[in-house]
Amino acid sequence: MDSITQAALGASIAGAVAGKTLGRSVLLTGALLGTLPDLDVVIDYGSAVANFTQHRGFSHSLFILIPLSFLIAWGLWRWKPQLSYQRWLALVGLILVTHPLLDAFTTYGTQLFWPLGDPVALHSIFIIDPLYTLPLLAGCLAFLIRPPATNAVTAGLVLSTLYLGWTLVAQQWITDRVQPALAEVGMKEASLLVQPMPFNTILWRVTAITDEHRVEIVTGFLDGSDELTLEHFPRRPELAQSVASLPEARRLEWFTRGFLDYRLAGNQITATDIRLGIPGAHPFTFILAETSESGVTPIPSGRMPRPSVNRDALPLLWSRLTGRTPVLCLATLSAPPQGHSC
């Protein structure tokens, strides 16, 4: 999730655990602890793909954060012994553990069990969702105005947690809705990704892929019984095969679970993470290799510039979200729009 949300979550937990003892200052302590795991963004791992796939790695691992909680709690207890070590441990442990757990509900992926296992990504909440964050901020504001408003921060935590649970229910409802339409076009066995569109859980984006084909669907809770609109995109399995032996290509395949779009830009082979962003405006595209008459030559990966978004994108999204527009072609949100029809 975004830094504001993680800070608000950390501050809320700190207020609920130790607000009566430490007062307003504990909110700042909680906010700082809540953003601590994301400091790994300052580390340069040597290449664009490495930086992309190792973010939310060791710094979000439960194997690292749980032992670290004991050490940080001891230091804070020595600093402010009016709160017992056990309470400090509860405060620090809850904040550090809930940070990666919340991130795991997003699409990016969180390596909860680094260095073991695959990234965990539940895809049920957008990285910025006001309905999750606002209850936390409201509870913290109430605490700042009239401390120690522990009931207010606790209520914010309860409401946000209930909303997080709702995202999973909504995701399953959307999944059940699109499966018959996908089966009709031969995509019943396709790999499936169901995630909310930006800033809400009313409108959802569904991506289904096979080796040679990709289908995108936008649908939501205000659609009623409207027929689903499917957008079709070709894939380039021959390009994927040409770089399949490259370590950075394998790393991207692992990190994205295969949700990649390979393209040839001039003589360069690129791979785009199609989970994030929208068709035509995916933010993460990497150059992996160059082609020539002698074959494919790997190069140190670089990241291509982030594509711009159509200035009319937000009005289009809002119109689709509220049900006034029954069809939204995802490609129209890019700038310039992609040259295909829904």
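Note that these values count all heavy atoms, side chains included, but never hydrogens, waters or copies made by symmetry.
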Subject >> Residue pairs fulfilling ring pair (Phe, Tyr, Trp, His ring centres under 6.0 Å) with at least one residue in residues 257-304, sequence neighbours excluded >> reply: F52-F284, F52-F286
Original post:
Any chance the side chains of Q171 and S124 put a donor and an acceptor closer than 3.5 Å?
Top reply: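 Absent: no donor and acceptor within the cut-off.
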Just so I know, are the side chains of [X] and [Y] near enough to count as touching, which here means a heavy-atom distance under 4.5 Å?
| X | Y | answer |
| --- | --- | --- |
| K20 | T150 | yes |
| L230 | E216 | no |
| V178 | L228 | yes |
| I95 | V97 | no |
| M304 | I287 | yes |
| L288 | T270 | no |
| T229 | V218 | no |
| L157 | L9 | yes |

Closest approach of [X] and [Y], non-hydrogen atoms and distance?
| X | Y | value |
| --- | --- | --- |
| G30 | A14 | CA-CB, 3.7 Å |
| G19 | P148 | O-CB, 3.6 Å |
| V243 | A289 | CG1-CB, 4.2 Å |
| G109 | F255 | O-CZ, 4.5 Å |

**OP:** Carefully, step by step, assess F105 and L168 under the rule side chain to side chain contact (heavy atoms under 4.5 Å, CB included).
**Re:** CA-CA 9 Å; F105 281 80; L168 295 173; 3.8 Å; yes
Point-to-point distance, once rounded to the nearest 0.5 Å, from [atom1] of [X] to [atom2] of [Y]:
| X | Y | atom1 | atom2 | result |
| --- | --- | --- | --- | --- |
| L144 | L28 | CG | CG | 10.0 Å |
| Q82 | S84 | CD | OG | 11.0 Å |
| L96 | I13 | CG | CD1 | 9.5 Å |
| L246 | I269 | CG | CD1 | 8.0 Å |
| S47 | R303 | OG | CZ | 13.0 Å |
| T256 | Y108 | OG1 | OH | 11.5 Å |

Given the rule that I, L, V, M, F, W and Y join up when any side-chain heavy atoms are under 4.5 Å apart, are [X] and [Y] in one cluster?
| X | Y | answer |
| --- | --- | --- |
| I202 | M197 | yes |
| L102 | V120 | yes |
| F58 | L112 | no |
| L122 | W166 | yes |
| L159 | F199 | no |

Side chain to side chain donor-acceptor pair (under 3.5 Å): which pairs involve [range], sequence neighbours left out?
| range | answer |
| --- | --- |
| residues 128-140 | T5-T133, D129-Y163 |
| residues 175-187 | Q172-D176, R177-T219 |
| residues 21-41 | S25-K80, D38-H60, D38-H99, D40-H55, D40-S59 |

**OP:** May I have the step-by-step check of side chain to side chain contact (heavy atoms under 4.5 Å, CB included) for L192 and T207, ending in yes or no?
**Re:** CA-CA 6 Å; L192 189 63; T207 306; over 6 Å; no
Flag, side chain of [X] to backbone of [Y], donor-acceptor distance under 3.5 Å:
| X | Y | result |
| --- | --- | --- |
| R214 | R235 | no |
| S242 | L239 | yes |
| Q195 | T106 | no |
| T167 | I125 | no |
| N200 | P198 | yes |
| E212 | P234 | no |
| T285 | T272 | no |

Within [range] or reaching into it, pairs that qualify as salt bridge (Lys or Arg N to Asp or Glu O under 4.0 Å) - sequence neighbours excluded:
| range | answer |
| --- | --- |
| residues 251-270 | D261-R263 |
| residues 87-113 | R56-D103 |
| residues 145-167 | none |

**OP:** Could you pull out all residues at least two apart from W173 that satisfy ring-ring contact (aromatic ring centres under 6.0 Å, His included)?
**Re:**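 Only F221 meet the ring-ring contact (aromatic ring centres under 6.0 Å, His included) criterion with W173.
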Original post:
I274 and I209: side chain to side chain contact (heavy atoms under 4.5 Å, CB included), yes or no, with the steps?
Top reply: CA-CA 10 Å; I274 58 174; I209 61 169; 4.1 Å; yes
Ignoring hydrogens and angles, write down the donor-acceptor pairs under 3.5 Å from the side chains of residues 63-74, residues two or more places apart or on other chains.
residue : atom : partner : partner atom : Å
S69     : OG   : L65     : O            : 2.8

Original post:
side chain to side chain contact (heavy atoms under 4.5 Å, CB included) with A18: which residues, sequence neighbours excluded?
Top reply: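 Partners of A18 by the side chain to side chain contact (heavy atoms under 4.5 Å, CB included) criterion, ordered by chain and then number, come out as L22, V26, L83, L91.
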Subject >> E290 atom CD: more than 12 heavy-atom contacts under 6.0 Å >> reply: yes
Original post:
Does CD1 in I4 sit with more than 12 non-hydrogen atoms of other residues, nucleotides or ligands closer than 6.0 Å?
Top reply: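 No, CD1 of I4 has 12 or fewer neighbouring heavy atoms, counting only those of other groups under 6.0 Å.
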**OP:** Give me the other members of the hydrophobic cluster that L141 sits in, counting Ile, Leu, Val, Met, Phe, Trp and Tyr linked by side-chain heavy atoms under 4.5 Å, directly or via other members.
**Re:**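 Other cluster members: I145.
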Original post:
Salt bridge or not for E248 and R250, using N-O below 4.0 Å?
Top reply: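 A salt bridge is absent here (no side-chain N lies under 4.0 Å from a carboxylate O).
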Original post:
In chain order, what residues pass the salt bridge (Lys or Arg N to Asp or Glu O under 4.0 Å) check against E238, with sequence neighbours excluded?
Top reply: R236
Original post:
Taking it one step at a time, do L134 and L136 satisfy side chain to side chain contact (heavy atoms under 4.5 Å, CB included)?
Top reply: CA-CA 5 Å; L134 287 175; L136 300 174; over 6 Å; no
